[in-house]
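Worksheet: one structure, shown below.
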Amino acid sequence: MHTKGTFKPEEFERDIYKTWEEKKYFHAEVDKSKEPFCIIMPPPNVTSQAHIGHALDMTYQDVLTRFKRMQGKSALWLPGADHAALATEVKLVEKLKKEGKTKEQIGREAFDKEAWAWYNHYGDRIMTQFKTLGFSADWDRYHFTMDKTSTSAVLEAFIRLYDKGLIYRGTRQTHYCVSCKSVISDDEVVYSDEKGSMWHIRYPFADGSGYIVVATTRPETLFGDTAVAVNPKDKRYKKLVGKMLKLPLTTREIPIIADDYVEESFGTGMVKITPAHDPNDYEVGKRHNLELISVIDKEGKMSAVSGKEFEGLSIKDARAKVEKLLKEQGLLEKVEPYTHSVGHCERCKTPIEPMITEQWFVKMSELVKPAIKVVKDGGLKIYPKRFEKNYFHWLNNIQDWCISRQIWTGHRIPIYYCDKCKNVVASKNAPTKCEKCGCTHFTQDPDVLDTWFSSALWPFSTLGWPEKTEDFNYFYPTSVLVTAYDILTQWATKMVYMGFECAKDTPFRNCLIHGLVRDEQGRKMSKSLGNGIDPLEVSEKYGADALRLALVKDIALGIDTKFSMTKVDNSRAFLNKVWNASKFVSLHSSDVELVPIEEVKKDVKDKWMLYKLSHLIKTVTSNLEKFDIGMALSNIYNFIWNEFCDWYVELCKPSIFKGGEEKANTVSVLNFVFDKLLKLLHPFAPFVTEYIYQNIKTLDKSESIMIASFPTASNVSAFKKAYLEEEQRLEAIKLIRNIKAEAKIASNVRSLVYFSGELTNDAKDEIEKLATIVLTNERGAGRIVITSLGEFVLLDEKKDKGEIEKDLLAQIEKIKFEIERSQKMLSNPRFVEKAPQSLVEEEKRKLENNNLTFETLKSKLNSLK
RNA sequence: GGGAGUUUAGCUCAGUUGGGAGAGCAUCUGCCUUACAAGCAGGCGGUCGUAGGUUCGAGCCCUACAAUUCCCACCA
């Protein structure tokens, strides 16, 4: 039995998890007799370590999975990891650099091997970490975005989209990272303000009649200028439109054009247009049919177009040289400091270069339509609802998705070019013979796919798609996606439109958005700030259960949460409380033959407890169904501590100490209730609940609490009367405790209290024990308190008449205030008319009671005089 | 520039269709009462950001404003 020892989670968490794994409780099977429930785990980067954000995200998922599993669903939580192509490549290149190598030196094949060695090395580290936090994912179905099934899904999806004309190759301006030597998507560009300079450069007129001045932050791109633009409404420059300028440091001439894009008030009102190296200029260039001149190459060096003097220079050197030459030629008006926003590569932090390149794109306009519709129609619900706005905004403004990357890590694009006739073939395997020219030699496109391409297929690739597997048929669409709001648009949207395109349905029915975990000052946790909290350290010290509770207690959906060790301490204190409650239950159950709940003779306190328990079960279940796990946990926490421990356990003691049948009955109910509470708590604190469950005596015990049934509310309307009766007793106890404290009587001193009304023996025992008093019907003077049971007088306090009178007057004042309040409401005809009848009745009842109390108090006062 | 969140006790935050303001921590008082001092009992503490409006009634609904955080776009 479980009657000794203190709460030491480190002594049992590991073993319990091992048992769960051995018993295969995490494994979900296709079972047509059960309803499916499925969560696909958002795959963390395979090489990352578990951080506090994961802990929150996964706790949400584990709570829901465990809840549904206990409800009898076939609950699948499918885990996996992501290869994070660009992030991994950056790290691999760094590693090679340390070894004095480059990826080009070792070649593509060897590089692939390096990548796989890397995956294998880190492969299950993060998943092992997740296990220590108690997560109940089905590890048998672990997937990786580069594994066979995922690769097969990627190939299938690519070729389908290609054949439908939804994937195409195009030349356009894209963000290019000269360090990663790859194009990156808009989402992978992070902007930050940087101190730079604004160069004011003189562009002479071609006819030698003076010059104009343009302002730029990128003087080195002037070799790519193909025009200077002014606003068509700008009176200053209207006459100049059409005139030709001599481009400094070159022999070229460029025109002055008019375009709305230019703001009159900014800089000089004249903008140099460099279509190949600026997104806005690119658009202007398209409108005016300007030539694209690339002056920066993919290495981040100046190209031949910029002239012999500049060719091969870095951007930085070129900039300095341009400045020097302009100065020498008297073409530099001034240089002023200027702070502006500069885009950087998310992974390697290098400033990005807008560049014209040839890339593969996914055409979005049609693809996006069902994804918008499903949310509008309610086929996919987003919690909280307000995030729908972000979702729609994103999809309505979406650009074609650039999916090719010039790196080596990831899924290679399944496009082959005929060596002879350049025929383009999309194929899962290398084609053997060209249909057009019969050539047998093909070269595969060197690029790989954006990581998000495989992540977009994640909800169905993990279930076996494109094969028509049983898993896919049973579990797809999945039940809910759990993720933080920062990734809703980047990832969730992709899964939805790819889900419709490939798997013909929404990938998940619900999308649950939670906030981010911040530090105590509300800052984002990051390596550079050094404010990160390692969930594994916390778990090791305080137990995984305490960590989980600290993360999700009192959090609201979609709202950031601040993490603090105070919360962990509090959670541990709560678990300790549960631990001690279990010791109490155990201690008194050992010598008792438990009676099934239907057959137990229940007294008032038992009915009161069962009545309240039934309501708790309803509330918790409904909150969990709404994904409000923060609220559900609060419900359970408050009930266990404030209702069960503080009141019910104490109420049980008189019966327990009496022994015999009365004890057996009480302990049976106590056991029943505690068992239900453990089950309610289990999804949140799986380890300690399992440990206690295994070590206490209960009827109908399952092999594990994990697979026990989640409590369901029973009909308790018959207990309502007893419930109200108990509430009256508790009210009296609280009021008596209160006057005792006010009278400065120590809480452990048994006070003599006068009471003249009728009480059952039970009630008398309870009140005497819990208020620490002895009741007597011998009248005396003292502090008076009026309760719904009658009048109690505290006798053992030496008080003179004056003080008692003062007390009474204070009570009378209080009650008068109440009476006036009720009267005011009830005398308002519009309240009586319009407010719900039950409310009006309630108010009338209160007024009546208060009037009675008022009369009693007044007669007391009079009798003193 | 566009959009969203937040603003409630000293601190961290709940508050489920509008119907007498809540928890934890901190603090104060008294208790080592036979499950638990990681505890028990009792207190102190709030014009619910500001100003209007709707309503019999507003922390909750509407409007404006302020502070703060974030997202998107952009910054020649």
Side-chain angles (χ1 to χ4, degrees), chain A residues 3 6-7 186 191 193 198 214-218 229 261-263 266-274 278-281 338-342 384 386-387 389-390 393-394 397 485-486 488-489 515-516 518 520 522 524 553-556 558-564 566-567 569-588 619 622-623 626 628 630-631 634 637-638 641-642 645-646 649-650 653 657 734 737-742 744-750 769-772 818 821-822 825 828-836 838-840 842-843 846:
Chain A
T3 57
T6 49
F7 172 54
D186 294 356
Y191 290 89
D193 278 351
M198 179 81 90
V214 300
T216 179
T217 53
R218 301 286 311 270
Y261 155 67
V262 182
E263 265 181 61
F266 193 93
T268 58
M270 294 199 133
V271 190
K272 69 193 232 6
I273 301 297
T274 322
D278 181 278
N280 291 305
D281 293 6
Y338 182 68
T339 302
H340 62 138
S341 163
V342 179
R386 63 185 150 84
F387 283 104
K389 275 194 182 175
N390 297 25
H393 182 264
W394 182 270
N397 292 285
Y485 57 71
D486 58 347
L488 169 73
T489 46
L516 306 173
R518 298 177 173 277
E520 279 172 88
K524 240 179 173 169
K553 171 127 197 300
D554 286 337
I555 63 171
I559 295 196
D560 289 352
T561 171
K562 286 178 196 156
F563 188 83
S564 70
T566 312
K567 288 183 183 177
D569 274 329
N570 181 240
S571 300
R572 188 180 51 157
F574 170 69
L575 295 169
N576 185 51
K577 187 76 181 173
V578 176
W579 178 271
N580 283 311
S582 76
K583 283 192 340 195
F584 179 84
V585 174
S586 243
L587 181 68
H588 298 291
T619 311
S622 129
N623 280 326
K626 285 189 291 190
D628 193 348
M631 187 52 79
S634 276
Y637 178 103
N638 291 328
W641 205 319
N642 306 126
C645 291
D646 288 350
V649 165
E650 296 304 319
K653 282 178 180 173
F657 295 138
K734 283 182 222 169
R737 280 175 178 171
N738 196 294
I739 55 169
K740 266 185 74 179
E742 274 175 14
K744 303 259 180 243
I745 296 169
S747 54
N748 62 339
V749 171
R750 279 194 170 267
K769 171 124 180 61
L770 271 67
T772 324
E818 293 296 313
R821 191 189 138 272
S822 296
M825 282 177 88
N828 181 344
R830 280 171 296 194
F831 172 74
V832 181
E833 265 171 50
K834 293 191 175 178
S838 61
L839 223 120
V840 178
E842 174 71 10
E843 210 52 49
K846 278 186 203 164

Give the rounded distance in Å between these two atoms: [atom1] of [X] and [atom2] of [N].
X      : N      : atom1 : atom2 : answer
A:Y485 : B:rA4  : OH    : P     : 16 Å
A:N570 : B:rA23 : CG    : P     : 13 Å
A:L839 : B:rG20 : CG    : P     : 7 Å
A:I745 : B:rA41 : CD1   : P     : 18 Å
A:R386 : B:rU69 : CZ    : C1'   : 12 Å

Residue-phosphate contact under 4.0 Å: [X] side-chain N/O, [N] OP1/OP2:
X      : N      : answer
A:N738 : B:rG43 : yes
A:K389 : B:rA4  : yes
A:N280 : B:rA73 : no
A:W641 : B:rC40 : yes
A:H340 : B:rA76 : yes
A:K653 : B:rA35 : yes

Letter per nucleotide, 5' to 3', of nucleotides 53-61 of chain B [B base touched, S only sugar-phosphate touched, - untouched; heavy atoms, 4.0 Å]: ---B-----
Base-contact (B) and sugar-phosphate-only (S) positions in nucleotides 12-17 of chain B, heavy-atom cut-off under 4.0 Å, - elsewhere: SSSSS-
Flag for A:D554-A:S634: side-chain donor and acceptor within less than 3.5 Å: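 Short answer, yes.
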Exercise: do A:K272 and A:T274 side chains pair donor with acceptor under 3.5 Å: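 Yes - a donor-acceptor pair under 3.5 Å links their side chains.
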How would you label the contact of [X] with the nucleic acid (heavy atoms, under 4.0 Å): base, sugar-phosphate, or nothing?
X      : value
A:F563 : nothing
A:A581 : base
A:K846 : base
A:Y261 : base

Carboxylate-amine/guanidinium proximity below 4.0 Å for A:E833 and A:R830: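 Looking at A:R830 together with A:E833, the answer is no, because their closest N to O distance does not fall below 4.0 Å.
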SB check A:E843 A:R821 (cutoff 4.0 Å):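 Salt bridge flag = yes for A:R821 with A:E843.
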Duplex segments of RNA chain B, taken as runs of at least three Watson-Crick or G-U pairs that stay under 3.5 Å: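 Stems for RNA chain B, defined as runs of 3 or more consecutive pairs: B:1-7 with B:66-72, B:10-13 with B:22-25, B:27-31 with B:39-43, B:49-53 with B:61-65.
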